[in-house]
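This is a predicted model, so every value here is computed, not measured.
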Amino acid sequence: THNRGCFGACNFCALAFHQGRTVRSRSIESVLEEAKKITELPDFKGYIHDVGGPTANFRFPSCEKQLKHGLCADKKCLAPTMCPAVKVDHSDYLELLRKLRKLPKVKKVFIRSGIRFDYLIADRDEEFFKELVNHHTSGQLKVAPEHICDAVLSKMGKPENSVYEKFTQKYYKLNKKIGKNQFLVPYLM
(Lines give C-alpha, C1' and ligand atoms only; values in the text may rest on other atoms or scores of the structure.)
Protein backbone atom coordinates (compact mmCIF):
# COMPACT_ATOMS: atom_id res chain seq x y z
CA THR A 1 0.00 0.00 0.00
CA HIS A 2 1.50 3.31 -1.05
CA ASN A 3 -1.39 5.65 -0.19
CA ARG A 4 -4.40 6.25 2.04
CA GLY A 5 -7.56 8.23 1.51
CA CYS A 6 -9.70 9.06 -1.48
CA PHE A 7 -10.98 12.43 -2.64
CA GLY A 8 -13.60 10.71 -4.83
CA ALA A 9 -16.03 10.54 -1.89
CA CYS A 10 -18.65 8.39 -3.61
CA ASN A 11 -21.95 8.50 -1.72
CA PHE A 12 -21.89 4.79 -0.83
CA CYS A 13 -18.21 4.40 0.02
CA ALA A 14 -16.76 4.31 3.54
CA LEU A 15 -13.19 5.23 2.49
CA ALA A 16 -13.75 8.93 3.05
CA PHE A 17 -14.94 8.19 6.58
CA HIS A 18 -12.27 5.78 7.78
CA GLN A 19 -9.26 7.00 5.75
CA GLY A 20 -10.28 10.57 4.93
CA ARG A 21 -10.74 12.49 1.71
CA THR A 22 -7.20 13.83 1.81
CA VAL A 23 -4.78 11.52 0.05
CA ARG A 24 -1.55 10.79 1.87
CA SER A 25 1.23 8.80 0.22
CA ARG A 26 4.35 7.05 1.36
CA SER A 27 7.59 8.29 -0.12
CA ILE A 28 9.00 6.46 -3.11
CA GLU A 29 12.05 5.60 -0.99
CA SER A 30 9.88 3.98 1.69
CA VAL A 31 8.07 1.77 -0.83
CA LEU A 32 11.36 0.83 -2.52
CA GLU A 33 12.90 -0.09 0.84
CA GLU A 34 9.96 -2.40 1.59
CA ALA A 35 10.11 -3.93 -1.90
CA LYS A 36 13.84 -4.64 -1.50
CA LYS A 37 13.09 -6.52 1.72
CA ILE A 38 10.39 -8.52 -0.07
CA THR A 39 12.84 -9.50 -2.83
CA GLU A 40 15.14 -11.01 -0.19
CA LEU A 41 12.48 -13.36 1.20
CA PRO A 42 13.26 -17.01 0.44
CA ASP A 43 9.96 -17.66 -1.34
CA PHE A 44 10.00 -14.49 -3.50
CA LYS A 45 9.34 -15.52 -7.12
CA GLY A 46 9.90 -12.17 -8.81
CA TYR A 47 6.39 -10.75 -8.65
CA ILE A 48 5.19 -7.76 -6.67
CA HIS A 49 1.48 -8.45 -6.80
CA ASP A 50 0.01 -5.06 -5.91
CA VAL A 51 1.41 -1.56 -5.63
CA GLY A 52 -1.88 -0.02 -4.73
CA GLY A 53 -4.09 1.47 -2.11
CA PRO A 54 -7.73 2.43 -1.74
CA THR A 55 -7.52 4.18 -5.09
CA ALA A 56 -4.24 3.03 -6.54
CA ASN A 57 -3.58 5.94 -8.90
CA PHE A 58 -3.94 8.74 -6.32
CA ARG A 59 -0.65 10.04 -4.92
CA PHE A 60 -1.45 13.68 -4.07
CA PRO A 61 -4.24 15.80 -2.61
CA SER A 62 -6.83 16.77 -5.20
CA CYS A 63 -5.78 20.40 -5.65
CA GLU A 64 -3.60 23.21 -4.31
CA LYS A 65 -6.57 24.83 -2.54
CA GLN A 66 -7.08 21.68 -0.49
CA LEU A 67 -3.61 22.04 1.00
CA LYS A 68 -4.44 25.47 2.48
CA HIS A 69 -8.20 25.36 3.07
CA GLY A 70 -9.16 21.68 3.18
CA LEU A 71 -11.70 19.99 0.97
CA CYS A 72 -14.69 21.90 -0.34
CA ALA A 73 -17.68 21.32 1.91
CA ASP A 74 -20.25 22.02 -0.80
CA LYS A 75 -18.95 19.97 -3.75
CA LYS A 76 -17.01 16.86 -4.67
CA CYS A 77 -13.76 16.70 -6.59
CA LEU A 78 -14.73 14.11 -9.22
CA ALA A 79 -18.51 13.94 -9.56
CA PRO A 80 -20.84 14.66 -11.17
CA THR A 81 -18.01 16.10 -13.28
CA MET A 82 -14.39 16.64 -12.37
CA CYS A 83 -13.64 19.98 -10.72
CA PRO A 84 -11.34 22.06 -12.97
CA ALA A 85 -9.01 22.61 -9.99
CA VAL A 86 -8.20 18.88 -9.66
CA LYS A 87 -4.54 18.26 -10.37
CA VAL A 88 -4.41 15.17 -12.62
CA ASP A 89 -0.87 13.85 -12.46
CA HIS A 90 0.41 10.27 -12.57
CA SER A 91 4.11 11.16 -12.86
CA ASP A 92 5.03 10.35 -9.25
CA TYR A 93 3.21 7.00 -9.34
CA LEU A 94 4.84 6.21 -12.69
CA GLU A 95 8.26 7.00 -11.23
CA LEU A 96 7.56 4.65 -8.31
CA LEU A 97 6.48 1.81 -10.61
CA ARG A 98 9.47 2.26 -12.91
CA LYS A 99 11.90 2.13 -9.98
CA LEU A 100 10.23 -1.00 -8.64
CA ARG A 101 10.51 -2.68 -12.05
CA LYS A 102 14.26 -2.01 -12.07
CA LEU A 103 14.94 -3.73 -8.75
CA PRO A 104 17.09 -6.86 -8.99
CA LYS A 105 15.05 -10.10 -8.88
CA VAL A 106 11.80 -8.29 -9.84
CA LYS A 107 10.15 -9.74 -12.93
CA LYS A 108 6.77 -7.98 -12.81
CA VAL A 109 5.03 -5.30 -10.77
CA PHE A 110 1.23 -5.36 -10.85
CA ILE A 111 -1.56 -3.01 -9.83
CA ARG A 112 -4.41 -5.16 -8.56
CA SER A 113 -6.13 -2.56 -6.41
CA GLY A 114 -8.81 -0.69 -8.25
CA ILE A 115 -7.80 2.39 -10.18
CA ARG A 116 -9.94 5.46 -10.55
CA PHE A 117 -10.66 5.35 -14.30
CA ASP A 118 -12.21 8.83 -14.49
CA TYR A 119 -9.05 10.34 -13.02
CA LEU A 120 -6.88 8.27 -15.37
CA ILE A 121 -8.79 9.22 -18.51
CA ALA A 122 -8.54 12.92 -17.54
CA ASP A 123 -4.73 12.78 -17.68
CA ARG A 124 -3.57 14.40 -20.92
CA ASP A 125 -0.25 12.62 -20.65
CA GLU A 126 -0.93 9.04 -21.79
CA GLU A 127 2.40 7.65 -20.55
CA PHE A 128 0.96 6.17 -17.35
CA PHE A 129 -2.00 4.61 -19.18
CA LYS A 130 0.36 3.00 -21.71
CA GLU A 131 2.65 1.59 -19.02
CA LEU A 132 -0.31 0.41 -16.94
CA VAL A 133 -1.50 -1.70 -19.87
CA ASN A 134 1.96 -2.84 -20.96
CA HIS A 135 3.64 -3.55 -17.62
CA HIS A 136 1.25 -3.47 -14.67
CA THR A 137 -1.86 -5.41 -15.65
CA SER A 138 -1.80 -9.14 -14.98
CA GLY A 139 -4.41 -9.99 -17.58
CA GLN A 140 -7.27 -8.26 -15.78
CA LEU A 141 -7.63 -4.70 -14.50
CA LYS A 142 -10.13 -3.87 -11.76
CA VAL A 143 -12.21 -0.72 -12.17
CA ALA A 144 -15.41 0.41 -10.47
CA PRO A 145 -17.99 1.96 -12.78
CA GLU A 146 -20.56 0.69 -10.19
CA HIS A 147 -23.55 1.08 -12.56
CA ILE A 148 -24.43 1.90 -16.17
CA CYS A 149 -27.47 4.15 -15.69
CA ASP A 150 -26.59 7.84 -15.47
CA ALA A 151 -29.49 8.61 -13.09
CA VAL A 152 -28.24 5.98 -10.64
CA LEU A 153 -24.60 7.03 -11.10
CA SER A 154 -25.58 10.60 -10.23
CA LYS A 155 -27.13 9.43 -6.96
CA MET A 156 -24.00 7.37 -6.24
CA GLY A 157 -21.69 10.33 -6.79
CA LYS A 158 -19.98 8.68 -9.75
CA PRO A 159 -19.24 10.06 -13.23
CA GLU A 160 -21.57 9.41 -16.16
CA ASN A 161 -21.33 6.08 -17.98
CA SER A 162 -19.84 7.84 -21.02
CA VAL A 163 -16.63 8.40 -19.01
CA TYR A 164 -16.35 4.65 -18.39
CA GLU A 165 -17.07 3.92 -22.05
CA LYS A 166 -14.30 6.31 -23.10
CA PHE A 167 -11.91 4.62 -20.68
CA THR A 168 -12.89 1.15 -21.93
CA GLN A 169 -12.32 2.08 -25.58
CA LYS A 170 -8.89 3.51 -24.77
CA TYR A 171 -7.92 0.49 -22.64
CA TYR A 172 -8.75 -2.01 -25.38
CA LYS A 173 -7.15 0.17 -28.06
CA LEU A 174 -3.88 0.27 -26.09
CA ASN A 175 -4.02 -3.50 -25.56
CA LYS A 176 -4.53 -4.11 -29.27
CA LYS A 177 -1.67 -1.76 -30.15
CA ILE A 178 0.82 -3.75 -28.06
CA GLY A 179 -0.62 -7.14 -28.95
CA LYS A 180 -2.10 -8.06 -25.56
CA ASN A 181 -5.48 -9.59 -24.82
CA GLN A 182 -6.25 -8.25 -21.35
CA PHE A 183 -9.63 -7.64 -19.82
CA LEU A 184 -11.43 -5.24 -17.50
CA VAL A 185 -13.11 -6.46 -14.31
CA PRO A 186 -15.88 -3.91 -13.65
CA TYR A 187 -17.30 -3.75 -10.16
CA LEU A 188 -21.05 -3.19 -10.36
CA MET A 189 -23.69 -2.63 -7.70
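- The number of heavy-atom neighbours closer than 6.0 Å to CD1 of I148, taken from other residues, nucleotides and ligands shown, is 12 or below.
- Other residues, nucleotides and ligands contribute over 12 non-hydrogen atoms within 6.0 Å of the CD atom of E165.
- A distance of 9.5 Å separates CD of Q140 from CG of L184, quoted to the nearest 0.5 Å.
- Between the side chain of K180 and the backbone N or O of N134 there is at least one donor-acceptor pair closer than 3.5 Å.
- Between the side chain of N57 and the backbone N or O of I115, no donor-acceptor pair lies under 3.5 Å.
- Within a 6.0 Å radius of CZ in F12, more than 12 heavy atoms belonging to other residues, nucleotides or ligands are found.
- Atom CD1 of I48 is separated from atom CG of D50 by 10.5 Å, given to the nearest 0.5 angstrom.
- Between R4 atom CZ and S25 atom OG the span is 11.5 Å, to the nearest 0.5 Å.
- R59 contributes a side-chain N or O that, together with a main-chain N or O of R26, makes up a donor-acceptor pair within less than 3.5 Å.
- Panel note: side chain K65, backbone A85; no donor-acceptor pair is recorded below 3.5 Å.
- From E131, atom CD reaches atom CD1 of I111 across 10.0 Å, with rounding to the nearest 0.5 Å.
- For the pair R101 (side chain) and V106 (backbone), a donor-acceptor distance under 3.5 Å is absent.
- Under the 4.0 Å criterion applied to side-chain N and carboxylate O atoms, D43 and K45 are not assigned as salt-bridge partners.
- Formation of a donor-acceptor pair under 3.5 Å by the N3 side chain with backbone atoms of V23 is not found in this model.
- Although no hydrogens or angles enter the test, the distance criterion places a donor-acceptor pair under 3.5 Å between the side chain of K158 and the main chain of A144.
- For the residue pair D125 / H90, no side-chain donor-acceptor distance below 3.5 Å is found, with atom types taken as modelled.
- Other residues, nucleotides and ligands contribute over 12 non-hydrogen atoms within 6.0 Å of the CZ atom of F44.
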Check your understanding: Between Y171 and Q182, does a side-chain contact (heavy atoms from CB on, under 4.5 Å) hold up when you go through it step by step?
Key -> CA-CA 9 Å; Y171 177 78; Q182 302 180 118; 3.4 Å; yes
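- Side-chain atoms of H136 come within 3.5 Å of backbone N or O of V109 as a donor-acceptor pair.
- Between F110 and H135, the gap from one ring centroid to the other reaches at least 6.0 Å.
- At distances below 3.5 Å, not a single donor-acceptor pair connects side-chain atoms of S154 with backbone N or O atoms of A151.
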Check your understanding: So K36 and L103, side-chain contact (heavy atoms from CB on, under 4.5 Å) or not? Walk me through it.
Key -> CA-CA 7 Å; K36 287 174 188 172; L103 289 176; 3.7 Å; yes
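- The aromatic rings of Y119 and F58 lie perpendicular to each other, with more than 60° between the two planes, well past the 30° mark.
- A heavy-atom distance below 4.5 Å is not found between the side chains of D123 and E126.
- Look at E95 and K99 and you find a salt bridge, because one of the NZ, NE, NH1 or NH2 atoms lies within 4.0 Å of a carboxylate O, short of that distance.
- Between the side chain of T168 and the main chain of Y164, a donor-acceptor pair closer than 3.5 Å is present.
- Atom OG of S91 sits about 9.5 Å away from atom CZ of R98, to the nearest 0.5 Å.
- Close placement of the F167 and F129 rings is indicated, their centers lying within 6.0 Å of each other.
- For the atom pair CD of E127 and CG of L132, the computed distance is 12.0 Å after rounding to the nearest 0.5 Å.
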